[in-house]
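Heads up, the thing below is written out as structure tokens.
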Amino acid sequence: MRIGELSRRSGVSSRALRYYEEQRLLRPVRRPSGYREFSEDDLDSVRRIRLLLAAGLGTAMIAEILPCMVEGNEGLAAGCPELLDALGGEHDRIAASIAELESARTLLARIIATPVPTPG
DNA sequence: GTTCTAACA
DNA sequence: TGTTAGCA
């Protein structure tokens with residue numbers, strides 16, 4: 001299928017799909033016309049890419065993970081255990097970010113709740 | 001009309 | 001990432 005169809009079926013803009021190719025997340029073949037030709041599997045790939053992006057992963061990491069995912073599943077294939085370490089690191093980074101944000105929120109709430117001393 | 005690349009906002 | 005220009 002061409003980029004327009006994949007875009008419609010995936011709900012992802014053609015601009016984004018070209019970007020994913022540039023980031024080597026997708027490898028469509030080229031027709032003699034120069035048009036990209038995507039496979040049915042690419043539709044699943046796009047869904048996974050969106051899932052992984054939503055999980056806060058960068059395109060480089062996603063490029064490594066994608067080949068390790070199988071069929072309709074969103075889990076990792078047994079073949080790439082080394083990725084679990086990297087993902088664990090990502091998980092920890094997110095946890096650290098959450099902790100910082102919670103701290104900031106608590107501080108802000110305290111500042112908001114603290115009454116200004118009235119002169120006198 | 002659709003897609004392509006490149007470039008700008 | 002959206003949009004636009006100029007092609008094929």
Side-chain angles (χ1 to χ4, degrees):
Chain A
M1 74 188 89
R2 288 178 307 181
I3 197 167
E5 182 180 348
L6 181 58
S7 176
R8 270 188 296 95
R9 291 220 265 159
S10 64
V12 174
S13 70
S14 52
R15 175 73 169 82
L17 294 175
R18 292 191 186 101
Y19 176 70
Y20 296 160
E21 180 195 30
E22 189 179 296
Q23 298 301 304
R24 319 216 128 165
L25 267 31
L26 297 175
R27 327 282 297 209
V29 298
R30 292 299 181 128
R31 290 182 166 185
S33 60
Y35 288 6
R36 295 169 179 78
E37 182 65 25
F38 295 93
S39 66
E40 287 296 320
D41 286 345
D42 286 329
L43 180 56
D44 293 294
S45 291
V46 172
R47 295 188 177 125
R48 288 173 185 147
I49 289 168
R50 301 300 289 207
L51 175 75
L52 295 169
L53 284 174
L57 302 179
T59 54
M61 178 78 354
I62 294 177
E64 293 188 81
I65 297 174
L66 228 41
C68 291
M69 300 182 84
V70 182
E71 299 180 21
N73 203 308
E74 69 175 29
L76 261 50
C80 340
E82 71 282 1
L83 281 177
L84 260 30
D85 283 338
L87 292 179
E90 289 295 325
H91 179 279
D92 291 348
R93 268 189 284 285
I94 291 174
S97 293
I98 290 174
E100 285 187 17
L101 286 170
E102 282 183 336
S103 175
R105 181 182 59 181
T106 300
L107 244 28
L108 199 51
R110 201 175 83 202
I111 291 169
I112 292 171
T114 301
V116 178
T118 344

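We name chains A, B, ... by the order of the sequence lines, and we start the count at 1 in each one.
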For this session: Report whether Leu6(A) and Tyr35(A) are members of the same hydrophobic cluster (ILVMFWY, side-chain heavy atoms less than 4.5 Å apart, transitive linking).
Result: no
For this session: Mind calculating the distance between OH (Tyr19(A)) and C1' (dG2(C)) to the nearest angstrom?
Result: 14 Å
Exercise. Arg31(A) near the nucleic acid: base, sugar-phosphate alone, or nothing, with a heavy-atom cut-off under 4.0 Å?
Worked result: nothing
Problem set entry | Minimum heavy-atom distance between Ser14(A) and Ser7(A), given as atom pair plus value | N-OG, 3.6 Å
Exercise. Tell me: CZ of Arg15(A) to P of dT5(B), nearest whole Å?
Worked result: 11 Å
Seminar exercise, completed: Separation of dT3(B) atom P from Leu6(A) atom CG, nearest Å, is 10 Å
Exercise. Within a strict 4.5 Å, meaning less than it, do heavy atoms of the Ile49(A) and Val12(A) side chains meet?
Worked result: no
For this session: Tell which nucleotide pairs with dT3(B), taking only Watson-Crick or G-U wobble pairs whose two distances are both under 3.5 angstrom.
Result: none
For this session: Could you state the atom-to-atom distance from CZ of Arg2(A) to P of dA8(C) in whole Å?
Result: 18 Å
Exercise. Taking atom C1' of dC4(B) as reference, at what distance in whole Å does atom CZ of Phe38(A) sit?
Worked result: 12 Å
For this session: Under 4.0 Å between any heavy atoms, over every strand shown, what does Arg18(A) touch: base, sugar-phosphate, or nothing? Just pick one.
Result: base
Problem set entry | Side-chain touch Arg47(A)/Arg50(A), heavy atoms, less than 4.5 angstrom | no
Exercise. In whole angstrom, what separates Glu21(A)'s CD from dT1(C)'s C1'?
Worked result: 17 Å
Exercise. When we call it a touch if two heavy atoms are under 4.0 Å apart, what does Ser13(A) touch: a base, just sugar-phosphate, or nothing?
Worked result: sugar-phosphate
For this session: Mark yes or no for a side-chain to base donor-acceptor pair under 3.5 Å between Tyr35(A) and dT2(B), with no hydrogen or angle criteria applied.
Result: yes
For this session: Please determine which of Leu26(A), Val29(A), Leu43(A) meets the side chain to side chain contact (heavy atoms under 4.5 Å, CB included) test together with Phe38(A).
Result: Leu26(A)
Exercise. Are any of Arg36(A)'s side-chain N or O atoms less than 4.0 Å away from OP1 or OP2 of dT3(B)?
Worked result: no
Exercise. Between dT1(C) atom P and Ile49(A) atom CD1, what is the distance in whole Å?
Worked result: 11 Å
For this session: Measure the distance from CE on Met1(A) to P on dT3(B) and round it to the nearest whole Å.
Result: 12 Å
